[in-house]
Amino acid sequence: MKGKTLVFVCRELVLEDGIKDREDIVLKTLDCAGDLTVFEVLKALEEGFQQVFVVGCKKGTCKSRIGNLRAEKRMATVKRYLGKWAEGYRLEMVYLSKEKGQTLLDQVFKA
Amino acid sequence: MVITELKPIEKIWQNIAGFRKVLVLGCRGCSGICSTGGDREVKLLVSALNLIAEKEGKNFIALGQTLIRQCDPVALKVLPEFLKEVEAVVSLACGVGVNLIADLYPDLKVYPGTDTLFIGAHLGFGVWEERCRACGDCFIDKTAGLCPIARCPKGLLNGPCGGSQTERCEVNPEISCVWYEIIIRLEKRGELASLDEIIGPKDWRSTFGEGPRRRQREDLTF
Ligand code: SF4
Ligand code: SF4
């Protein structure tokens, strides 16, 4: 395993230079954030990831219309499903603009 | 179909935390169809239980299997094949499945993984609603096919109640008054006069019976 953070990202989004080289982040590209399944997130936690993010396009700009909203719901489902065992994990949806200027790293690690 | 809901995972875990090997058993019947206990949900629960076990530092493994049904001894015949070293089973079927496994395999520890909610219809993605309470003496030929036992909070056989001032139910404004709906439909069908006949007190023995209700078809039994 490369690192402790897994980022699922919609292929419509252009990622900043250098992010792919980071040792602490594993990136998985999805055709749309809405393709993410609850099972994939659980599997990631089973594999030892402590942080899982799904990065989708800003609301209203998803090519599948509501794929990004679905992704957000699925992350919430994982948290609800695991109950108290979800504590300690960071499981988040991040909405990014397709325009340049926003960096994923800033969004993901802003906290 | 029988509508079920997954129990909170804390409750499922409480029952099985002491075992080392547990089978999560799905059902492709009603429970699978209403996305509670089909193949996908079995995979999810297995994964979640294994994750919880790891977090709790337990020597534990969950496995998964899904049967076509759990409410039929024929479908349950294969169960022993999946029980090698398994100490307990979590069933994701409705309560009927859990009961039948307990009947057929008295030495097996079986636990419900779901709550059985009602007999209902699928109204749209992720929405199910009760439509019948299995009273055993159906009278919805008199009510335009709509069941006031299942759909009127007061279960009125001769409605509507005095609180039905609008199309909404006075008890639960989220739903329309089923007696309003019944009258509109009967009127459209030209059958409004059928309401002149009072529906008499219901004989609830067909519902509550004496112990489990049973149906036996002579033409099918030998
Ligand atoms: S009258 Fe009885 S059998 Fe008929 S729909 Fe209502 S509860 Fe079900
Ligand atoms: S308003 Fe209609 S549905 Fe509600 S309790 Fe009265 S008769 Fe039943």
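Chain letters run A, B, ... following the sequence lines, proteins first, then strands; residues in each count from 1.
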Peer 1: Answer yes or no: does atom CZ of A/Arg11 have more than 12 heavy-atom neighbours from other residues, nucleotides or ligands under 6.0 Å?
Peer 2: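 Result for CZ/A/Arg11: enclosed.
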Peer 1: Please check this pair: side chain of A/Tyr81 against backbone of B/Leu45, looking for a donor-acceptor N/O pair closer than 3.5 Å.
Peer 2: yes
Peer 1: How long is the straight-line distance from OG of B/Ser47 back to CD of A/Glu47, given to the nearest 0.5 Å?
Peer 2: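 Here the interatomic distance stands at 9.0 Å.
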Peer 1: Quick check: closest heavy atoms across B/Lys55 and A/Glu87, and the distance to 0.1 Å?
Peer 2: NZ-O, 3.7 Å
Peer 1: For A/Arg70, I'd like to know if atom CZ has over 12 heavy atoms of other residues, nucleotides or ligands within 6.0 Å.
Peer 2: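 Counting neighbours around CZ of A/Arg70, 12 or fewer heavy atoms of other residues, nucleotides or ligands fall under 6.0 Å, so no.
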Peer 1: If you count heavy atoms of other groups shown closer than 6.0 angstrom to NZ of B/Lys11, is the number above 12?
Peer 2: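 At most 12 heavy atoms, drawn from other residues, nucleotides or ligands, come within 6.0 Å of this atom.
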Peer 1: A quick test of your reading: do over 12 heavy atoms of other residues, nucleotides or ligands sit less than 6.0 Å from NZ of B/Lys7?
Peer 2: yes
Peer 1: Only pairs of heavy atoms separated by less than 4.5 Å count here; which of A/Lys43, A/Lys84, A/Arg80 has the most with chain B?
Peer 2: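 Most heavy-atom pairs under 4.5 Å with chain B: A/Lys84.
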Peer 1: Select one option (side chain, backbone, both, neither) describing which atoms of B/Glu10 are under 4.5 Å from chain A's heavy atoms.
Peer 2: both
Peer 1: If you take all heavy atoms of A/Leu82 and B/Leu51, which pair is closest and at what distance?
Peer 2: CD1-CD2, 3.9 Å
Peer 1: Counting only heavy atoms from other residues, nucleotides and ligands, does the tally under 6.0 Å from NZ of B/Lys202 exceed 12?
Peer 2: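 More than 12 within 6.0 Å, yes.
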